[in-house]
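Taking it in order: structure first as structure tokens, then the write-up.
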Amino acid sequence: MYLVFRNRNLVLQSLRRFNLETLISRRLWSRSVSSTHSNAETDSKQTGIFSLAGELASLVEESSPHVDDPKPRSRMELKRSLELRLKKRVKEQYSDGKFHDLLKKVIARPETLRDAYDCIRLNSNVPVTESDGTVAFAFDSMAEELSSGVFDVASNTFSLVARDKTKEVLVLPSLPLKVVQEAVRIVLEVVFSPYFSKISHSCRSGRGRGSALKYISNSMSRSDWCFALSLSKKVDDSVFESLLSVMEEKVEDCSLSVLLRSMFEARVLNLEFGGFPKGHGLPQEGVLSRVLMNVYLDRFDHEFYRISMRHEALDRDAQTEEGGLGSKLRSWFRRKAGEEDLKSDPEKDVAVRVYCCRFMDEIFFSVSGPEKVAVDIRSEAVDFLRNSLHLDVTDETDPSPCETTSGLRVLGTLVRKNVRESPAVKAVHKLKEKVRLFALQKEEAWTLGTVRIGKKWLGHGLKKVKESEIRGLADSNSTLSQISSHRKPGMETDHWYKVLLRIWMEDVLRTSADRSEEFILSKHIVEPTIPQELRDAYSKFQTNAAAYVSSETAKVEALLPCPDPHDKPVFFGDVVAPTNAIRRRLFRYGLVTAEGYARANSMLILQDTAQIIDWFSGLVRRWVIWYGGCSNFDEMKALIDNQVRKSCIRTLASKYRIHENEIERRLDEELSTIPSAEDIEEEIQYEKLDSPAFDRDEHLTYGIFNSGSCLLSLARIVSESRPCSCFVSGCSMAAAAVYTLHAMERQKFPGWKTGFSVCVPSSLNGRRIGLCKQHLKDLYLGQISLQAIDFGAWR
């Protein structure tokens, strides 16, 4: 008996030391606690002592209150639950193959409008638990107006006119109309999204830009020809009427069509094919743009299957027809495709495969087969878009070969087909890269050392100038004494020294292409004074390294065993980040100089330290999420480490007027949000593990996940005499400051995805917006987009 109690006590002590909350959270005890506890009570009554099972059950029961604590859900999980709630209401209206009376019985209900408003608040990163008394009373009246058909769309819009010569007009919805549009969007997605084709990677759960690029890279590795089609069309009456006719195939609701037509006539739908990239959170993209565009282009998606069926199945089977071998399956294909008299193709022995991927109004094609088939497929697709859908196609380039092309611009990135190297060739290239990097490090060390000596030379020169002003130390025969007569009376010594340097540098720059101060100090001051033997040794090392990289590597590759001619090369699709376009944007936004050196951004200096760091950190975060899997991500690491991070440090140094090293020492913890090149891989893994699955769903985060960074400058601080509320939809907080929005660029469609807002409309350039500190941080870090801002708060 003693041994039994002793063993029992040891077990209980070990269990108390163990973290039972972990076991409880994993529900390891949930099924057996009740039965074990009842059995333990029975045993204790019979034996008169507490059994081990009874004490274990009581121990779990003591910890059970911690099990019931609900885990907080992310905002996208809440948004998903709201959409599922609306989905049940929509499905109740399905009968006889159509949805009936969706406006009166689903949309025009106070609870539906409230859920739609909560979705808007979640997109704005406003907690739905917070009460908003300013709009809570309006849902009943809005529902009554919608149900009776007296809801005035035109009075719930506002117009913004550009201040430049274009006088561009942008019509945006006010908050009540935005709530109605959000409710209509959710209802239409429930109706039409189950019928969307597989080639569509938008407006579907679990699909987005990332899944589209993955499919494109995989299909390009198996294809011979590729091309992209970019659409362009501002929706007119004919396109809109065709869109309504497509919707009537699934929805029977005249009042809903009247509501959509009133939005179209008020120019507040903001539905445009082409013009700007979709899904980037730009204000000119309407709330209903995503679902309406996919409903209209779904006709093209189904037309693609007819085109691919004819070229893949029918052409290949045409050869058997000559031998008299009939096929019922082939005849069925012909009837479905409408090709009763299909002739045999001379290149029928080549297997044809057609791949297509569409993300909103950007369409990618790749074809495995002869060039003629690719040209025919492109011609058929363009004819259908122009003649049946009445859309314009801007890209008129012919299909290009996948192997020889430098890459195809798709969804703001570059996609190309590469050959997978053998391990031996990869080892040779790795050795070449090591030698090249070693030579580059030595060159950077040489330049850094000569620049440091040059700066000491400048300090020594200033010292000599000051000594020349002292009579006891002045040398009448020196050059400084001879030119001192040209010094203006009253000119300070430092100013006079700068004038002398500027005159000298102007003379040097006439013969030098590089205008940087570091280059002049290194090449024109320090290097001519370095011993000739040292200069020759450095030059010889760089020459030998370049020769080894170019010639020696070719000799080593020639010694490798020749590949078997029967072995086919292994191809793979490669996604490349547009680093050249990103460098141009860094210069345009004032982060680097024309020569590529990091500089301080003057528009951010007046903002707080945390806000400046958040702006740079948000840009890096976008690059890490978007381009973490690209083959040239090492170049992105160099941009982050050498330009973005240094630009942030120099901006803060200019703000406080202290040295950069002092800024790094004081703000080391704050600057850790901008990872260095060595920490970026850990940052990528952290982003994948830290963010919930719903927050990575591009369907729920449409307009947020791919939104670019915008540039704001401080206009004024909000005071009691001049109050201002936050412009973000659903936010009731007071704005901390008023900021000016700057439209820095407007790329032609389709443009490059650079991490910045590529196409802010000119009507918003120079507009002032009030933001609270939390939403300014969310905007900088990419948690919200410009679509969350109500630009009509000040009119």
Side-chain angles (χ1 to χ4, degrees), residues 72 74-75 78-79 113-114 116-139 142 156-158 160 172-179 182 281 283 287 603-618 655 670 673 703-704 707 709-743 757 760 763-795:
S74 65
R75 59 172 179 153
L78 292 172
K79 183 180 177 181
L113 297 176
R114 180 71 197 187
Y117 177 63
D118 287 341
C119 288
I120 293 176
R121 298 176 75 187
L122 290 172
N123 287 335
S124 304
N125 203 14
V126 177
V128 294
T129 55
E130 295 181 4
S131 60
D132 192 348
T134 59
V135 297
F137 66 93
F139 294 121
M142 285 174 56
N156 286 285
T157 63
F158 60 92
L160 299 175
L172 296 176
S174 59
L175 185 58
L177 181 56
K178 190 181 292 186
V179 172
E182 182 70 12
V287 176
M603 292 188 181
L604 297 174
I605 287 180
L606 295 180
Q607 300 185 31
D608 294 341
T609 301
Q611 296 168 357
I612 295 174
I613 296 176
D614 286 339
W615 191 89
F616 286 94
S617 178
K655 176 181 178 65
E670 290 81 357
T673 57
I704 302 174
S707 62
S709 178
C710 58
L711 189 59
L712 303 177
S713 62
L714 181 65
R716 68 176 178 88
I717 301 295
V718 174
S719 59
E720 294 182 359
S721 59
R722 301 179 66 187
C724 177
S725 299
C726 182
F727 280 30
V728 173
S729 300
C731 182
S732 57
M733 300 292 293
V738 177
Y739 303 90
T740 303
L741 175 63
H742 299 277
S757 295
V760 177
S763 55
L764 297 181
N765 185 29
R767 297 284 174 179
R768 293 190 173 184
I769 55 176
L771 294 173
C772 62
K773 290 186 176 181
Q774 180 60 41
H775 281 118
L776 178 64
K777 180 177 182 180
D778 291 338
L779 183 63
Y780 282 169
L781 294 179
Q783 300 296 331
I784 64 174
S785 65
L786 290 175
Q787 288 180 339
I789 298 176
D790 183 10
F791 291 95
W794 280 348
R795 295 197 297 270

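Here the structure is a predicted model, which is why all the values come from computation and not from measurement.
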side-chain hydrogen bond (donor to acceptor under 3.5 Å, both in side chains) partners of residues 712-725, not counting sequence neighbours, each pair once: S713-H742, S719-S721
Quick one: [atom1] on [X] to [atom2] on [Y], what's the gap to the nearest 0.5 Å?
X	Y	atom1	atom2	value
Q783	Q774	CD	CD	9.0 Å
L78	L122	CG	CG	5.5 Å
N156	L175	CG	CG	9.5 Å
I784	S729	CD1	OG	9.5 Å
L113	D118	CG	CG	11.0 Å
I613	L781	CD1	CG	11.5 Å

Using a 4.5 Å cut-off on heavy atoms from C-beta on, say whether the side chain of [Y] contacts that of [X].
X	Y	result
M733	V728	no
F158	L177	no
S707	L786	no
I120	V287	no
Y117	M142	no
Y739	Q611	yes
L712	L779	yes
K655	L604	no

Over all heavy atoms of both residues, which pair between [X] and [Y] is shortest? Give the atoms and the distance, please.
X	Y	value
K773	A736	CG-CB, 3.8 Å
H775	C726	ND1-SG, 3.8 Å
F791	P283	CE1-CG, 3.9 Å
C710	W615	O-NE1, 3.0 Å
V718	P723	CG1-CA, 3.8 Å
Q787	G703	OE1-CA, 4.3 Å

Pick one: which of K79, R75, R114 meets side chain to side chain contact (heavy atoms under 4.5 Å, CB included) with C119? K79
ring-ring contact (aromatic ring centres under 6.0 Å, His included) partners of F727, counting only residues at least two apart: W794
Over 12 foreign heavy atoms within 6.0 Å of NZ, K777: no
Show me, pair by pair, the donor-acceptor contacts under 3.5 angstrom made by side chains of residues 764-772, not counting sequence neighbours?
residue : atom : partner : partner atom : Å
N765    : OD1  : A743    : N            : 3.0
R767    : NE   : S763    : O            : 2.9
R767    : NH2  : V161    : O            : 3.0

